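Just so we're clear, the structure is a prediction, and the values are computed from it rather than from any experiment. As a basis for the values below, the full set of heavy atoms in this structure was taken, side chains included, without hydrogen atoms, waters or symmetry mates. First the proteins, then the strands, lettered A, B, ... as listed; each starts at 1.
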Protein chains: 2
Amino acid sequence: MKVSTTTYGLLGLLAVRSWTGYELTQQMRRSLRFVWSSSEGHLYREQKGLVELGWAAVEDEQAGARTRKRYTITAAGEAALREWLTTAPQEPHFEIEGLVRLFHGSHGSVADLAASMDATADAARAMLDEMLGFVDEYLADGGPLWMLEHGINGATASEAGPPAEFAGRPMFPGRLHVIALVIESTTTLLASVESFARSTASEVRGWASTTDPAATPATRARLEAVRKRHRR
Amino acid sequence: MKVSTTTYGLLGLLAVRSWTGYELTQQMRRSLRFVWSSSEGHLYREQKGLVELGWAAVEDEQAGARTRKRYTITAAGEAALREWLTTAPQEPHFEIEGLVRLFHGSHGSVADLAASMDATADAARAMLDEMLGFVDEYLADGGPLWMLEHGINGATASEAGPPAEFAGRPMFPGRLHVIALVIESTTTLLASVESFARSTASEVRGWASTTDPAATPATRARLEAVRKRHRR
DNA sequence: GGCCCAATACTCCTATTGAGAGTAGATTAA
DNA sequence: TTAATCTACTCTCAATAGGAGTATTGGGCC
């Protein structure tokens with residue numbers, strides 16, 4: 001079994017508390033989908049992998065007539081996570097089909113290209129709205145931020161007892177600082193995609209064709225602006 | 001054989017001229033790697049797929065003692081590309097390992113987290129620099145922009161003869177308008193990654209620990225700013 | 001009170017894709 | 001002239017995606 005970023009994504013969740021397999025899968029989807037996506041089937045496979053590696057332990061838990069699997073991190077798992085965090089991250093990557101269509105847009109119509117850009121903008125906006133929902137939860141009274149402001153950290157070993165809950169979910173307010181940074185980064189990126197896709201849509205709608213020679217001065221200005229903006 | 005965005009990425013290149021398999025692979029790497037990456041082996045596999053689909057034709061070309069494969073688009077291939085351009089694009093996705101590390105950063109040290117963020121910023125900057133190299137080429141005298149400004153479009157069927165060349169490569173200046181938009185979008189995104197990764201690095205370096213309670217006011221301000229900035 | 005739909009809680013299979021090794025001629029720089 | 005790098009691919013195995021399949025449970029609606 002080979003370890004991947006997905007392995008550590010799950011391991012990191014297990015480092016905060018124990019989860020059932022289903023919860024782990026849902027939580028990965030909720031929180032890391034926008035920056036590191038994997039399929040549901042693969043997430044379950046990776047959970048088994050964690051046990052095989054000795055990084056987590058499973059036990060069958062009774063829930064009515066059926067059983068579910070509860071995963072708990074081991075000492076070896078905690079060590080593996082700490083070790084991973086000291087290594088260098090991979091290059092960031094984007095996967096934006098709309099830009100592939102834009103790149104080949106000269107072979108299609110202005111209307112289709114503009115529609116593609118609008119669809120990309122809409123998708124980015126929908127993702128952004130989903131993230132904003134988390135922000136509202138975090139800012140709500142009794143939520144993790146409120147807990148921090150009332151001295152409940154939850155992520156330090158010095159506090160005894162079970163974690164505080166909010167909206168039926170256990171909260172670990174001490175993690176909120178890093179999570180807020182992830183949210184800020186991700187929403188910035190999504191807003192950037194929405195913004196350029198939307199303005200590209202409106203730009204190309206002004207063209208007579210997808211190879212309109214009349215766009216030449218705008219293209220020169222655009223390339224020069226890119227060069228100027230990013231010159232180091 | 002199932003078609004994917006990669007299939008259409010190759011098909012779009014073939015719609016501008018004929019290429020050898022090696023050239024196609026290099027060109028995909030050069031131009032679409034940042035928005036749609038695939039492995040080298042897979043690109044060769046997809047080229048065979050295009051022939052199987054009847055969207056491209058191959059012929060063996062003699063080059064010294066060895067042969068290489070020259071791919072040419074067919075009428076069916078041109079139709080398939082036009083058809084694809086009318087359909088809706090997929091959701092955009094990011095794959096940013098640095099943000100997975102940030103999300104789980106509360107389990108590691110401040111120094112390691114800051115180093116991860118700096119490494120992510122460095123990688124984004126390197127990618128951005130590579131794109132700026134293209135911009136310089138496009139803006140150079142005799143380059144595609146210069147051609148446009150001298151009435152050479154190259155992408156319209158009305159112009160007879162072989163395409164004009166620049167720096168040993170055939171140029172299709174009419175495509176420059178869309179390409180400039182792709183470059184502007186991609187560089188904006190990369191600059192955004194560089195910027196937030198860099199500022200996150202400096203932010204966390206000011207923390208006493210990765211769950212430092214002293215960060216609470218900054219975290220509140222951050223979440224409120226996100227909510228305000230993106231409220232629709 | 002019973003029915004239906006959605007959510008819970010997974011497993012399993014097939015097809016796609018990635019990653020890297022392998023082969024061999026051609027060209028460039030020392 | 002030799003070594004390294006580039007051209008120009010093929011091939012294989014392992015990783016991953018995507019979706020079908022199974023069965024229980026909880027909630028809402030008539």
Side-chain angles (χ1 to χ4, degrees), chain A residues 1-10 13 18-30 32-53 56 58-71 90-91 93 95 97 100 167-169, chain B residues 1-10 13 18-30 32-33 35-53 56 58-71 90-91 93-95 97 100 167-169:
Chain A
M1 141 104 203
K2 218 206 145 234
V3 306
S4 64
T5 302
T6 305
T7 320
Y8 291 106
L10 288 165
L13 289 177
S18 79
W19 309 71
T20 70
Y22 183 75
E23 285 174 332
L24 275 174
T25 304
Q26 298 307 302
Q27 191 57 27
M28 283 290 282
R29 182 182 156 69
R30 258 178 65 90
L32 290 177
R33 179 164 48 106
F34 297 135
V35 296
W36 197 270
S37 76
S38 10
S39 67
E40 200 178 308
H42 186 53
L43 288 170
Y44 282 110
R45 203 168 335 114
E46 285 282 346
Q47 291 163 20
K48 293 183 181 181
L50 285 172
V51 176
E52 198 187 303
L53 285 162
V58 223
E59 57 186 301
D60 279 358
E61 193 178 74
Q62 217 54 36
R66 66 181 158 185
T67 84
R68 61 187 165 203
K69 299 190 164 180
R70 178 157 299 274
Y71 290 89
Q90 294 172 23
E91 261 196 358
H93 283 290
E95 208 168 277
E97 215 209 56
V100 178
R169 290 202 298 273
Chain B
M1 140 108 204
K2 218 200 144 243
V3 305
S4 65
T5 302
T6 305
T7 321
Y8 291 105
L10 288 165
L13 289 177
S18 80
W19 309 70
T20 71
Y22 182 75
E23 285 174 331
L24 276 174
T25 304
Q26 298 307 303
Q27 190 57 27
M28 284 290 284
R29 182 181 156 69
R30 258 178 66 90
L32 290 178
R33 178 165 49 108
V35 295
W36 197 270
S37 76
S38 7
S39 66
E40 200 178 311
H42 186 54
L43 289 170
Y44 282 110
R45 215 178 358 232
E46 286 281 345
Q47 292 163 19
K48 292 182 183 183
L50 285 172
V51 176
E52 198 188 303
L53 286 163
V58 223
E59 56 186 301
D60 279 359
E61 192 178 74
Q62 216 54 36
R66 68 180 158 184
T67 84
R68 62 187 163 203
K69 300 193 163 177
R70 177 157 299 273
Y71 290 89
Q90 294 172 25
E91 260 195 359
H93 283 289
F94 310 125
E95 206 167 280
E97 216 209 57
V100 178
R169 289 202 298 273

Pair B/Thr25, B/Gln47 - check side chain to side chain donor-acceptor pair (under 3.5 Å), show working. CA-CA 9 Å; B/Thr25 304; B/Gln47 292 163 19; 3.2 Å; yes

Should we count CZ of A/Arg29 as having more than 12 external heavy atoms under 6.0 Å? no

Start with the C-alpha gap between A/Asp60 and A/Arg68, add the side-chain angles, then the distance that decides, and say whether side chain to side chain contact (heavy atoms under 4.5 Å, CB included) holds. CA-CA 6 Å; A/Asp60 279 358; A/Arg68 61 187 165 203; over 6 Å; no

Per-nucleotide protein contact along nucleotides 15-26 of chain C, 5' to 3', at a 4.0 Å heavy-atom cut-off (B base, S sugar-phosphate only, - neither), is -SBB-----BBS

Salt bridge A/Arg70-A/Glu59, side-chain N to carboxylate O under 4.0 Å: no

Just by distance, no angles: are the side chains of A/Glu46 and A/Thr6 close enough, under 3.5 Å, to form a donor-acceptor pair? no

Considering only heavy atoms from C-beta outward, does the side chain of B/Tyr71 approach that of B/Thr20 to under 4.5 Å? no

Which angle, to the nearest 10 degrees, lies between the helix axes at the two ends of the helix from C/dG1-D/dC30 to C/dA30-D/dT1, each defined by five pairs? 40°

Distance in angstrom units between A/Gln62 CD and C/dA9 C1', rounded: 13 Å

Which part of the nucleic acid does B/Thr25 contact within heavy-atom distance under 4.0 Å: base, sugar-phosphate only, or nothing? nothing

Using atom CD of A/Glu61 as one end and atom C1' of C/dA9 as the other, report the distance to the nearest whole Å. 12 Å

Nearest heavy atoms of A/Gly9 and A/Leu32, plus distance in Å: CA-CD1, 4.3 Å

B/Glu61 vs B/Thr67 side-chain heavy atoms within contact, under 4.5 Å: no

State, with a plain yes or no, whether a side-chain heavy atom of B/Phe94 is found less than 4.5 Å away from one of A/Trp36. no

Take the protein atom CD of A/Gln47 and the nucleotide atom P of C/dC10, then report the distance between them rounded to whole Å. 8 Å

Flag the pair B/Leu24 / B/Leu43 as yes when at least one side-chain heavy-atom distance between them is below 4.5 Å, and no otherwise. no

Closer than 3.5 angstrom, by distance alone: can the side chain of B/Trp19 be matched with the main-chain N or O of B/Leu13 as a donor-acceptor pair? yes

On DNA chain D, which is the earliest and which the latest nucleotide, 5' to 3', with an atom closer than 4.0 Å to a heavy atom of chain B? D/dT7 to D/dT12

For A/Gln26 and C/dA9, give me the distance from atom CD to atom P, rounded to whole Å. 9 Å

State whether A/Lys48 places a side-chain N or O below 4.0 Å from either non-bridging phosphate oxygen (OP1 or OP2) of C/dC10. no

How long is the line joining OH of A/Tyr22 and C1' of C/dT8, in whole Å? 5 Å

